[in-house]
Amino acid sequence: MTSKSNKNTLLVSTGRKKAYTHGVVNPVVQRASTIVFDSVAELKQAAKTRGDKTLFYGRRGTTTHFALQEAITELEGGEGCALYPCGAAAISSALLAFVKAGDHILMVDNAYEPTRDFCDKILAGFGVETTYYPPTIGAGIKTFIKENTKVLFLESPGSITMEVQDVPAMVAVANEQGVMTMLDNTYGNGLHYRPLEHGVDISIQAATKYIVGHSDVMMGVAVANKKYWPTLREQSYLLGQCTSADDAYLALRGLRTMAVRLNQHEKAAIEVAKWLESHPLVDHIRHPAFDSCPGHEFFKRDFDGSNGLFSFVMKEGNQQAIDAFLDGLDHFKMGFSWGGFESLVTANLTMKGLRSQTGWELGPVIRLHIGLEDVDDLITDLNQALELYKQHLN
Ligand SMILES: *Cc1c(COP(=O)(O)O)cnc(C)c1O
């Protein structure tokens, strides 16, 4: 990608070399475990590159995977992209590739829940210590860095409560202290936020969300800069991480329309959030583009857009009210994912178990993913379900 303005062109043209497409529009789905070589010379050549954009062994990918890897690498602006069977595998593998017993990592306190669990339940058992830091700490992260701190892990905006981090300030501190940085960029998707341009070493996404975009494939991606790509690539391979050619094909197909989908998700979500903002039961909106969202100033400075995901905080609530609201919704389905074409909802009464370093003194948090339905239908749906919420308050 050469400039910020040609993203649509990039999404259409990337990963479409003739070697991948064989002359049709889309890459051929090349399913393989075994690659066969015609001569010793050819085998030796393949062994030399060990599957870096050339066929070597199925686990190293085929031309379908190379096409997707090239596209995501260009989108995120890195040196190379590793593919994983889901976003959680991308996060765990990126961490495992760079930490060893005795190391310490810094994890943002509003991290995606399975990321937290991986640190607490697996890394801890391997002798890797995790400290959770407040998402809004900024340059204050310096006081959390120890002699053995290896990785600073960011997620911005963070899961559920959506705080946006001051990434450049934190990366500057990490660089100065010799700590590598990784960022869960599932929200930023590479079109709206490109962490490597802000000095982050590895950008990770659950491609399951907006890249795939149709709620039908699990996929993770991690893009590294020049310094960390060789290690990320090799360690991910040794961890046995690979994806099917069919899934790689579907992820690439999703990517082609990501920009237009995001535009619609963004527009609709802002409309719904504005309506919610004036609802008497709602305390405030946790949408990065709204100034009620912590870190909104960093969002304005660093991001090129928002999407369909946001939360809102209720003034008061209890479990019956939440359950009545959820059961009362029609277009919003209950589900933990997001980034597909459909609207989704989740709700948390207390945020218990989702953060440890920072408390949660505010009301219940409801998270919405605004899909591609008509906005009027979504607002009508929320309106009647909030009426049920109100009826169950006491
Ligand atoms: C969904 C999600 C993941 C995990 O992705 P899977 O493909 O479901 O494993 C990681 N990070 C964030 C922020 C997510 O929303």
Side-chain angles (χ1 to χ4, degrees), residues 68 72 76 81-96 107-122 132 135 151 153-165 167 182-193 195 200 202-223 236 239 241-244 247-248 250-251 254-255 258 262 265 269 286-288 293 295 299 303 306-311 333-340 342-346 348 351 354-355 365 367-371:
L68 176 62
I72 306 281
E76 290 266 3
C81 167
L83 303 178
Y84 305 88
C86 62
I91 292 163
S92 61
S93 299
L95 284 167
L96 282 173
M107 177 57 66
V108 64
D109 202 28
N110 58 0
Y112 179 64
E113 194 178 5
T115 305
R116 284 187 82 91
D117 288 350
F118 174 73
C119 295
D120 297 344
K121 295 176 182 167
I122 295 188
Y132 293 93
V151 177
F153 196 103
L154 307 98
E155 184 183 320
S156 180
S159 283
I160 318 284
T161 47
M162 309 298 281
E163 293 89 340
V164 184
Q165 296 190 261
V167 175
M182 301 178 187
L183 190 145
D184 183 332
N185 193 36
T186 305
Y187 182 96
N189 66 69
L191 270 186
H192 288 162
Y193 189 56
V200 171
I202 298 183
S203 175
I204 302 165
Q205 285 194 48
T208 307
K209 311 290 166 57
Y210 281 123
I211 291 177
V212 165
H214 294 75
S215 307
D216 52 2
V217 176
M218 308 286 303
M219 172 87 63
V221 297
V223 175
S236 298
L239 287 165
Q241 299 292 12
C242 58
T243 62
S244 78
D247 285 351
L250 286 171
L255 195 66
M258 187 166 77
L262 281 172
H265 285 294
R286 290 283 178 120
H287 183 309
C293 188
F299 177 80
F303 282 67
S306 60
N307 56 48
L309 189 74
F310 73 94
S311 298
K333 307 296 181 196
M334 274 176 268
F336 294 110
S337 196
W338 51 280
E342 79 288 9
S343 288
L344 291 170
V345 60
T346 56
N348 288 277
M351 299 297 295
L354 293 174
R355 44 178 67 211
V365 184
R367 186 178 79 168
L368 300 179
H369 178 254
I370 304 301

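Start at 1 and go down the list; that is how both ligands and their atoms are numbered.
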> In chain order, what residues pass the ring-ring contact (aromatic ring centres under 6.0 Å, His included) check against Y210, with sequence neighbours excluded?
Replying inline: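 For Y210, the residues satisfying ring-ring contact (aromatic ring centres under 6.0 Å, His included) (neighbours in sequence not counted) are H265, W338, H369.
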> Among all residues two or more places apart in sequence or in another chain, which pass the ring-ring contact (aromatic ring centres under 6.0 Å, His included) test with F310?
Replying inline: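 Here the qualifying residues are H287.
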> Does NZ or CZ of R355 come closer than 6.0 Å to the centre of the six-membered ring of Y132, within 45° of the ring's axis?
Replying inline: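 So R355 doesn't make the cation-pi contact.
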>> For a quick test of reading the model, state the closest non-hydrogen atom pair linking Q205 to G190 and the distance between them.
In response: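 Reported closest heavy-atom pair: NE2-N, 3.7 Å.
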Could you give the N/O to N/O pairs under 3.5 Å linking ligand 1 and the protein, each with its distance?
{"from": "ligand 1", "atom 1": "7 (O)", "to": "G87", "atom 2": "N", "distance (Å)": "2.7"}
{"from": "ligand 1", "atom 1": "7 (O)", "to": "T208", "atom 2": "OG1", "distance (Å)": "2.6"}
{"from": "ligand 1", "atom 1": "9 (O)", "to": "G87", "atom 2": "N", "distance (Å)": "3.1"}
{"from": "ligand 1", "atom 1": "9 (O)", "to": "A88", "atom 2": "N", "distance (Å)": "2.8"}
{"from": "ligand 1", "atom 1": "11 (N)", "to": "D184", "atom 2": "OD2", "distance (Å)": "2.6"}
{"from": "ligand 1", "atom 1": "15 (O)", "to": "K209", "atom 2": "NZ", "distance (Å)": "2.7"}
{"from": "ligand 1", "atom 1": "15 (O)", "to": "W338", "atom 2": "NE1", "distance (Å)": "2.9"}

> Under the salt bridge (charged side-chain N to carboxylate O under 4.0 Å, His left out) test, which residues partner D247, sequence neighbours left out?
Replying inline: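 If we apply the salt bridge (charged side-chain N to carboxylate O under 4.0 Å, His left out) test to D247, skipping adjacent residues, there are no hits.
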>> Checking side-chain polar atoms at under 3.5 Å, does S215 have a donor or acceptor matched by the opposite partner on E342?
In response: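 Result is yes, a qualifying pair exists.
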